K.L.:
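Could you have a look at this structure, given as structure tokens, before my questions?
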Amino acid sequence: MDEAAGDLKQALPNLCNSVKIHVEVLQKSSSTAKKEDIRMSVLKLLNRHNIVFGDYKWTEFDDSFLNSNVQSVSIVDTELNLKDRQPIDLSKSSLSLHIFHLNEEGPSSENLEEENEDIIAANHWVLPAAEFHGLWESLIYDIEVKSHLLDYVATTLLFSDKNVDSNLISWNRVVLLHGPPGTGKTSLCKALAQKLTIRLSHRYRYGQLIEINSHSLFSKWFSESGKLVTKMFQKIQELIDDKDALVFVLIDEVESLTAARSAFKAGTEPSDAIRVVNAVLTQIDQIKRHPNVVILTTSNITEKIDMAFVDRADIKQYIGPPSTAAIFRIYLSCLEELMKCQIIYPRQQLLTLRELEMIGFIENNVSRLSLILKEISRRSEGLSGRVLRKLPFLAHALYIQSPSVTMTTFLQALSLAVDKQFEERKKLADCV
Amino acid sequence: MRPRRSGLAAACPSVSVVFPGAVNRESCCRFACELLKHVLHQRHQLPLPYEQLVYFCRRAAQGGDMIKKSSSVDLASKKCQQMLMDLEGVLQHLEVMFSLTLVPRVLILLGGNVMSPKELYELNLEGIYEGSAEESLKTASCVRKLFHSLFVADVFSELKALPVTDTVVMLQGHRDCGVDWFRPKLNYKVPTRGRKLTVNLSCDGGINLSASPPQPATSTWEDYVWFQAPVTLKGFHE
């Protein structure tokens, strides 16, 4: 195989050489091996297989040391830097290896009011968490949202490292993702936190993700809400004080916090609510000075957010519904999973959109199913990522109900499910 | 991997116990187990001391079938049984761990998560001279001395009541000790936040010990890594 790849290398002259390739090495949870030993073995492995086409993942190794200590070695995010799928010569590109363990515990909860144990003000994860493993790969966007976000944080860290005077050039560690519901904003925040923890594992020992339940910051006692916010951020400050930790603060549906000020002007919001907004804004100003914190926020309705907050966010990324190409990739990953679980049987090779393009969308035995899928993807345009990921389930539940089906039958069912989805949507719209 | 005594000693309370002779590995294990049971009860995660709870639970299991219990009592007893089962597991595996490797430190973490617990109890065994069974002090007398010191220091009385929370046990052991129940946490660092109590155990250095060297050479300290018990002990009230 190596020889064939070598021939190919000569055939394709525009081999990208000096790209930075990230290799994520997931250490087994029972493994106590030293990082240096694993690094050496992985480098040896990569030396043997030095040409890859896009992302690749090894889970089985011929080396017994790797077999007993490493779960997987993955070459990741090549598509973020390279537009086209082209061969990558690992021996010529600069490799950065990230070796990590997953934390298997679920989230722990933070309570603010001591006497009231039931109200959970925040969920708290130690990263990298097993819960978020694979989340980043499952999120599919058209534009370079993911690479933008990664590059942004890289720049932030560079500026902090070089001690750029923040009075002269100001940069906040605040990210605002906005867009229609179901497009994966919250998931992207969590996945980004996980990704950065892994990428920056050489600088920070571990990551902490704190997801704030914004409604819990409003107290039932008048004038107490501002204090709750302060208390919450005090806890976060404690975490930030640990310089070995990279801290992510996730505020979901941030408009529920910051919409209050304009409502106050209209006289519909009590003055206590505005104190919350002001407290949140000043607290964000407080913690953003620290180099090891990133504040992630999401919103469905950007117009409603306080301008004072929007200004504070450096990256305001719109996340829209997926395009046909993205839908195709989402479906492809769903079908791949179903084939892996043998719900779709026998296994069929599906082509990617790019492979279809290369053969000029000509229908033949190999491309027939892929073309049907492409057609379904075209018709699914307008559906959100959340709905798309649900459709294979609905297709099975509504139209199949047998433990194992062929790909052709499944695609028919999927097509019906898409139609049904639009029908229901129309009915809902008619009712309103 | 060594504890940073200098920076923290002033800020956090500590109790030091010096044993007048060598101590064997089994005694060290008993210290860890007894401290765990004690902390769980003192910090309101167990409504009664462990031994009493085990006794009552056993008696309830034998004679409890006759009386029809209300659902709330039933739920409480389920929680109790779960806790006792988990705790028993941890205690057993502590024994296994101590038999496999030298354990320089044990941590009992209450609340929050392992990186930022609300309360942290550290048992430091680095100063222990390990002796063989014959030339070591009796386990029972050592445990008595440890608890006597704890009571005299009166470390639990002025603390605020802690709500029911999760407890995690961590300990240091040799990288290659071959334990499979505890999960290695290679990146772990003892947290500096939260309330911390350190219990330092050591042996009187004046005694002449021909027995095994007390500690591994400093160069091999990095081979001692943190392990975490894979179960969290969920506290309960009656």
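In what follows, chains carry the letters A, B, and so on, assigned in the order in which the sequence lines appear, proteins first and then strands, with residues in each chain numbered from 1. Since we're looking at a predicted model, the values are computed, not measured.
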K.L.:
Looking at CG of A/Leu239 and CG of B/Asn113, how far apart are the two atoms once the value is rounded to the nearest 0.5 Å?
P.N.:
8.0 Å

K.L.:
Return the OG1 to NZ distance between B/Thr192 and A/Lys243, rounded to the nearest 0.5 Å.
P.N.:
11.0 Å

K.L.:
With a 4.5 angstrom heavy-atom cut-off, could you sort out which part of B/Phe227 is near chain A: side chain, backbone, both or neither?
P.N.:
side chain

K.L.:
Quick check on A/Lys35: does its NZ atom have over 12 non-hydrogen neighbours (other residues, nucleotides or ligands) under 6.0 Å away?
P.N.:
yes

K.L.:
With a 4.5 angstrom heavy-atom cut-off, could you sort out which part of A/Ala33 is near chain B: side chain, backbone, both or neither?
P.N.:
backbone

K.L.:
Any heavy-atom pair between the side chains of B/Leu186 and A/Lys34 that's under 4.5 Å?
P.N.:
no

K.L.:
Do other residues, nucleotides or ligands put more than 12 heavy atoms under 6.0 Å from B/Tyr55 OH?
P.N.:
no

K.L.:
Which pair of heavy atoms, one from A/Ser108 and one from B/Gly112, lies closest together, and at what distance?
P.N.:
CB-O, 3.6 Å

K.L.:
How would you list, by chain and number, every residue that makes a side-chain hydrogen bond (donor to acceptor under 3.5 Å, both in side chains) with A/Gln27, sequence neighbours excluded?
P.N.:
A/Ser31

K.L.:
Would you tabulate the side-chain donor-acceptor contacts of residues 39-48 of chain B under 3.5 Å, counting partners in other chains and residues two or more places apart, or write 'none'?
P.N.:
residue: B/Arg43; atom: NE; partner: B/Glu119; partner atom: OE1; Å: 2.8
residue: B/Arg43; atom: NE; partner: B/Glu119; partner atom: OE2; Å: 3.3
residue: B/Arg43; atom: NE; partner: B/Tyr121; partner atom: OH; Å: 3.4
residue: B/Arg43; atom: NH2; partner: B/Glu119; partner atom: OE2; Å: 2.6
residue: B/Arg43; atom: NH2; partner: B/Lys160; partner atom: O; Å: 2.9
residue: B/Gln45; atom: OE1; partner: B/Thr165; partner atom: N; Å: 2.9
residue: B/Gln45; atom: NE2; partner: B/Arg43; partner atom: O; Å: 3.0
residue: B/Gln45; atom: NE2; partner: B/Pro163; partner atom: O; Å: 3.3

K.L.:
Can you find a pair of side-chain heavy atoms, one from A/Asp244 and one from B/Met115, that are under 4.5 Å apart?
P.N.:
no

K.L.:
Chain B heavy atoms under 4.5 Å from A/Asp241: which part of the residue, side chain, backbone, both or neither?
P.N.:
neither

K.L.:
Is any side-chain heavy atom of A/Glu105 closer than 4.5 Å to a side-chain heavy atom of B/Val168?
P.N.:
no

K.L.:
Tell me, do A/Glu238 and B/Ser116 make a side-chain contact under 4.5 Å, heavy atoms counted?
P.N.:
no

K.L.:
Which atoms of A/Leu102 come close to chain B, meaning under 4.5 Å heavy atom to heavy atom: side chain ones, backbone ones, both, or neither?
P.N.:
backbone

K.L.:
Any side-chain heavy-atom pair from A/Thr32 and B/His174 closer than 4.5 angstrom?
P.N.:
no

K.L.:
For the NZ atom on A/Lys28, are there more than 12 heavy atoms of other groups (residues, nucleotides or ligands in this structure) within a distance under 6.0 Å?
P.N.:
yes

K.L.:
Return yes when atom CD of B/Glu51 has more than 12 non-hydrogen atoms of other residues, nucleotides or ligands closer than 6.0 Å, and no otherwise.
P.N.:
yes

